[in-house]
Protein chains: 2
Amino acid sequence: MPETSAAPVTTPDAAYTPTDRTVPTRSAKRAAYDHETVHSILDEGYVCHLGFVRDGAPVVLPTLYGRVGERLYVHGSTGSRPLRAAGDGPQDDPGLAVCLTVTHVDGLVLARSAFHHSVNYRSVVVHGTARQVTDPREKREALDALVDHVVPGRARDSRPASARELAATAVLRLDLGEVSAKLRTGGPNDEPEDLALPHWTGVLPLRKGYDAPVPAADLAPGIGVPDYLRALAC
Amino acid sequence: MPETSAAPVTTPDAAYTPTDRTVPTRSAKRAAYDHETVHSILDEGYVCHLGFVRDGAPVVLPTLYGRVGERLYVHGSTGSRPLRAAGDGPQDDPGLAVCLTVTHVDGLVLARSAFHHSVNYRSVVVHGTARQVTDPREKREALDALVDHVVPGRARDSRPASARELAATAVLRLDLGEVSAKLRTGGPNDEPEDLALPHWTGVLPLRKGYDAPVPAADLAPGIGVPDYLRALAC
């Protein structure tokens, strides 16, 4: 995997270099490599599907992630299998080969023909080597990014991790080097000979957002819903 | 992988047998193996993340799926890489080792401590060997299941695949044998010493559903939104 330095600011014209495994064999016109598209898809989500190989077989697990510049972070218990597999994180550690995928479904595409049914989506696939973060400052920054990725503004409105909690949490870093986005937008693409068929055709858009926050049973009276949550649940 | 025969009817008490790789190392109490839980999670979704190994490295791609009894189906162009990798489908074909994961996020769990932040989710992880479907009848049934999985009732209200389209579509079958579900529900689990902290705590539920259907630009006048779509978009 190409090494990428952390770049906190996105250069507008910057793009990831396509490789054999980031150029799709099909629908290549749906692929994108520019930082802006990739970052916007990554920043809209918070659950990724992390793939790795264990005993020669693929494993895909859902997990939270955060982004800091050109680095993605995932975390877990130090006892969890993927994090144990990534080793203890010395600089010469081989790390863990991973594929991290983030997908947003935007709508269902109903064509007149069964064959042309599709889904409008935006996805990012990151190939690379995940490595344990050992620097305590980077680890804290990564965990803050994970919390703020899910609910922007939340990290500063919660008790920071204690030394014991930090020690119990493993953080993996994955540099954004070998990356591609794939997008489908728009309506159905029916065959010309199907246009007169009597089937309804169009797109069913997914509803996005949140319902009203549900306070915990033991929330003390007088603690209202904070503004950063109201901004999400509207 | 244990071989499983197709069972169109779910036996209430039936469960998948746990294996080394379907018993989680952490939070084992969140795991479930009963058919009812697994099927309900699978049937609520339509996009899975399919993992396989290519040149020794993991690959995770989002794709649609359908379920017929104890079989899952995914499809794609006959030219796509995972489907080519699964071979041409004779009975003695080795198939493609895959991990198919389906995840629903139900809510964001905001604890008083950053450490105890979490997500309410339901996921299913299927390990197994995917094999090409060569029987034309099973292939048609699988493609109908894929369309009806996304929009129940849609398969019969669209033009069925032609012989040419069927030939251009590869379908992979994955038997439900080595399967587990994992679920988190409920509110935050804060430490007793954090209960007096002044942070709002609770759950932010995700909004589920669809917005109003958007007709295609070339939809003929007089073709209204069918009932099975109205039932989804409410």
Side-chain angles (χ1 to χ4, degrees), chain A residues 25-26 47 49 51-53 57-60 62 77 79-81 97-99 101 103 105 108 110 112-115 117 123 143 147 150-151 155 157-161 165 187-188 194-195 197-207 209-211 213-216 218-219 223 225-226 229 233, chain B residues 25-26 47 49 51-53 57-60 62 77 79-81 97-99 101 103 105 108 112-115 117 123 143 147 150-151 155 157-161 165 187-188 194-195 197-207 209-211 213-219 223 225-226 229 233:
Chain A
T25 44
R26 308 286 303 177
V47 172
H49 282 79
F52 54 97
V53 179
V59 179
V60 179
S77 158
S80 77
R81 278 185 283 212
V98 299
C99 180
T101 300
T103 306
V105 178
L108 312 181
L110 282 71
R112 295 167 178 92
S113 61
F115 184 76
H117 275 64
S123 66
L143 292 173
V147 170
V150 179
V151 177
D157 186 23
S158 54
R159 174 179 64 70
E165 289 169 344
D194 289 335
L195 296 181
L197 290 176
H199 309 297
W200 187 91
T201 177
V203 172
L204 190 61
L206 261 77
R207 190 176 298 169
Y210 299 94
D211 287 324
V214 178
D218 58 6
L219 178 67
I223 301 183
V225 174
L229 270 191
Chain B
T25 46
R26 306 287 303 179
V47 172
H49 282 80
F52 54 98
V53 180
V59 179
V60 179
S77 157
S80 77
R81 279 186 282 211
V98 298
C99 180
T101 301
T103 306
V105 179
L108 312 180
R112 295 166 179 94
S113 62
F115 184 76
H117 275 64
S123 66
L143 292 172
V147 170
V150 180
V151 178
D157 186 24
S158 53
R159 174 180 62 71
E165 290 169 341
D194 289 334
L195 296 181
L197 291 175
H199 309 298
W200 187 91
T201 178
V203 173
L204 190 61
L206 262 78
R207 192 177 296 169
Y210 299 94
D211 288 324
V214 179
D218 58 6
L219 178 67
I223 300 183
V225 175
L229 270 191

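Proteins come first, then strands; the chains are lettered A, B, ... in the order of their sequence lines, and each starts at number 1.
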Among the options [options], pick out the one with the most heavy-atom pairs lying under 4.5 Å from chain A.
options	result
B/Pro198, B/Pro160, B/Pro58	B/Pro58
B/Val47, B/Val105, B/Asp218, B/Leu197	B/Asp218
B/Gly187, B/Pro188, B/Gly209, B/Ala217	B/Gly209

Legend entry - Side chain / backbone / both / neither for B/Val225 at chain A, heavy atoms under 4.5 Å: both

Inset, instruction - Identify which part of B/Val150 has an atom lying under 4.5 Å from any heavy atom of chain A, answering side chain, backbone, both or neither. - result: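 Both backbone and side chain.
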
At their closest point, which heavy atom of [X] faces which heavy atom of [Y], and how far apart are they?
X	Y	result
A/Val60	B/Cys99	N-SG, 3.3 Å
B/Pro205	A/Val214	CG-CG2, 3.9 Å
B/Tyr210	A/Arg207	O-NH2, 2.6 Å

Answer yes or no: is there a side-chain heavy-atom contact under 4.5 Å between [X] and [Y]?
X	Y	value
B/Arg112	A/Arg159	no
A/Pro213	B/Val203	no
A/Val151	B/Leu108	yes

Legend entry - Donor-acceptor under 3.5 Å (A/Thr201 side chain, B/Ala216 main chain): no

Inset, instruction - With sequence neighbours left out, write down each residue that passes side-chain hydrogen bond (donor to acceptor under 3.5 Å, both in side chains) with B/Thr103, or none if nothing qualifies. - result: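 If we apply the side-chain hydrogen bond (donor to acceptor under 3.5 Å, both in side chains) test to B/Thr103, skipping adjacent residues, the hits are A/His49.
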
Could you look at [X] and say if it's the side chain, the backbone, both or neither that has a heavy atom under 4.5 Å from chain B?
X	answer
A/Leu110	both
A/Leu195	side chain
A/Asp194	side chain

Inset, instruction - Could you grab the distance from atom CG of A/Asp211 to atom CG of B/Leu206, nearest 0.5 Å is fine? - result: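 So the gap between those two atoms works out to 8.5 Å.
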
Inset, instruction - Could you tell me the separation between the CD1 atom of A/Ile223 and the CH2 atom of B/Trp200, rounded to the nearest 0.5 Å? - result: 10.5 Å

Legend entry - B/Val147: partners by side chain to side chain contact (heavy atoms under 4.5 Å, CB included), with sequence neighbours left out: A/Ala114, A/His117, B/Arg154, B/Ala155

Inset, instruction - Heavy-atom pairs under 4.5 Å with chain B are the metric here; pick the option from A/Ser158, A/Gly51, A/Gly202 that has the most. - result: A/Ser158

